[in-house]
Amino acid sequence: MRSVAYSDNCPRSLIGMSFPQSRPRRLRHSPALRELVAEVRLGVSDLVAPLFVREGITSPQPISSLAGVDQHTIQSLKSEVRELSDLGVKAVILFGVPAKKDAVGSGAFDPNGIVQIALRELNEELGDRMVLMADLCVDEYTSHGHCGVLNSSGDVDNDATVEIYCQAALAQAHAGAHVVAPSGMMDGQVGAIRAALDGAGYQDVAIMAYSAKYASGLYGPFRDAVDVQIAGGGNRKGYQQDWRNAREALREVDADIDQGADIVMVKPAMSYLDIISAVRARVDVPVAAYHVSGEYAMIKAAAANGWIDHDTVAVEQLTAVKRAGADIILTYFARWFAETQH
Ligand code: PBG
């Protein structure tokens, strides 16, 4: 049999001519084809649900600027976490709202602080079925609303604050946290917390460091959720990052990894996709990104006005965060996504 020559399939008339342009639309023809060639897939197991637990309330309280998110009682928190687990969500991060605040934020390290009580009960009930993360900071617990203790001139005292974070880390680990997540942007916090945990036998408690956390205008609804007003109309620009700086974020990430961070985080997410992407290219630990309260609230508000489509924009944004390089996304959409989008 005669072998088929190349020239039989490729008519002489085409040889030497320019070929037709590539047509990317061929691969967009059907949902099945689009699914086949998708580069990124967002899944429930990528997500961490941030949850608020408040001391001294008897029923869950809605947070008006965070539609669909409540301040929980211990009881309602437990049912929420149970339901999230049944929906396939693998991790939650807890924030506490204490009944009383003071200058040093005692509730953050009190063995009977609200988050410690919650961790104990959740760990007892769910064990390893749910990754229990605890935000490690004092701003929810301080009367002045700063993420640390103040010195005599009213500035946040770095080293005194780090000592308190170590106590909080131990209280959280002791109560059953699997991951502690220092979010206060104090220098040296990760190394000190790692040493404190190891010294007390908590070698297996991981640290997810809020490494590149910007002094963003997008935390407003969160501050409603935890009843925080920064004293004197202040801000966190003295310790959180300046949004004009990208290289600085990489220095922060390097320092945290050197000090023992197991996961590094970029926060917020949508305005910092360049940072997420640069961090992903630089490190080999998991990268998390926090799609923060203001990002969530903007979608809710615009959708409530009929200006954008809620479901489309929510999935578009979370997918963009993953595409930029985040392995883990903290998002108030976690439950909704688990219920409706997979
Ligand atoms: C600090 C902390 C904040 C958020 C998470 N951890 C607030 C802040 O830095 O002012 C914000 C999260 C959000 O806006 O969703 N404990």
Side-chain angles (χ1 to χ4, degrees), residues 47-54 63-71 92-98 101 104-105 107-109 113-115 133-142 144-149 156 161-162 164-165 168-169 172 177 179-186 189 193 207-231 233-243 252 263 265-272 288-301 314 317-318 321 328-335:
L47 308 181
V48 179
L51 299 174
F52 301 97
V53 57
R54 180 169 172 180
I63 302 157
S64 59
S65 54
L66 271 184
V69 180
D70 288 340
Q71 292 177 328
V92 295
I93 183 163
L94 301 186
F95 296 90
V97 191
K101 307 195 186 215
V104 297
F109 53 85
I114 186 68
V115 162
M133 301 181 161
D135 183 80
L136 202 177
C137 196
V138 292
D139 63 318
E140 298 90 354
Y141 302 92
T142 53
H144 45 73
H146 275 293
C147 294
V149 290
V156 172
T161 299
V162 169
I164 289 180
Y165 288 176
Q172 293 174 341
V179 179
V180 297
S183 64
M185 292 297 282
M186 295 302 127
Q189 62 184 11
I193 290 166
I207 299 179
M208 177 170 74
Y210 288 66
S211 301
K213 176 173 178 181
Y214 284 86
S216 172
L218 290 164
Y219 306 146
F222 173 93
R223 293 184 190 157
D224 294 341
V226 291
D227 295 338
V228 167
Q229 278 106 37
I230 305 177
N235 59 55
R236 305 204 195 293
K237 289 180 191 281
Y239 39 103
Q240 297 179 349
Q241 272 189 249
D242 187 322
W243 57 65
E252 289 278 10
I263 300 172
M265 192 202 294
V266 175
K267 177 185 171 190
M270 291 310 294
S271 306
Y272 300 89
Y290 200 144
H291 189 262
V292 300
S293 59
E295 300 179 278
Y296 174 86
M298 286 195 291
I299 295 177
K300 290 288 175 189
Q317 291 206 357
L318 296 177
V321 175
I328 299 168
I329 305 171
L330 289 77
T331 172
Y332 302 96
F333 285 115
R335 182 177 179 132

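What you are looking at is a predicted structure, and each value in this text was computed from that prediction instead of being measured. Start at 1 and go down the list; that is how both ligands and their atoms are numbered. One-based numbering along the sequence shown.
Of the listed residues (Lys213, Glu140, His146), the one carrying the non-hydrogen atom nearest atom 2 (C) of ligand 1 is Lys213. Comparing heavy-atom distances from atom 16 (N) of ligand 1 across Asp139, Val138, Asn235 singles out Asp139 as nearest.
With hydrogens left out, the protein atom closest to atom 14 (O) of ligand 1 is Ser293 OG, 2.7 Å, a heavy atom. Nearest protein heavy-atom contact of atom 8 (C) of ligand 1 is Arg236 NE, 3.4 Å.
Using a 4.5 Å heavy-atom threshold, the side chains of Ile230 and Arg223 count as touching. Under the 4.5 Å side-chain criterion, counting only non-hydrogen atoms from C-beta, Met186 is not in contact with Ile164. Side-chain atoms of Thr161 and Cys147, non-hydrogen and from C-beta on, never get closer than 4.5 Å to each other.
Between the OG atom of Ser293 and the NZ atom of Lys300 there is a distance of 13.5 Å, given to the nearest 0.5 Å.
Contact annotation: for Tyr290 versus ligand 1, heavy atoms closer than 4.0 Å belong to the side chain alone. By the criterion of a heavy-atom distance under 4.0 Å, neither the backbone nor the side chain of Val226 is placed next to ligand 1.
Residue-ligand proximity: Phe95 is placed with a non-hydrogen atom under 4.0 Å from ligand 1. Within the 4.0 Å heavy-atom shell around ligand 1 one finds Lys267. The shell of residues lying under 4.0 angstrom from ligand 1, judged by heavy atoms, includes Gln240.
Interface of Arg223 with ligand 1, defined as ligand atoms under 4.0 Å from a residue heavy atom, comprises 8 (C), 10 (O).
The pair Asp227-Lys101 fails the salt-bridge criterion, with no side-chain N (NZ, NE, NH1 or NH2) lying under 4.0 Å from an Asp/Glu carboxylate O.
In this pair, Phe52 and Tyr332 present their aromatic rings parallel. The plane angle is below 30°, not in the 30 to 60° band. The aromatic rings of His146 and Tyr239 sit perpendicular, their planes meeting at an angle over 60°, well past the 30° parallel limit.
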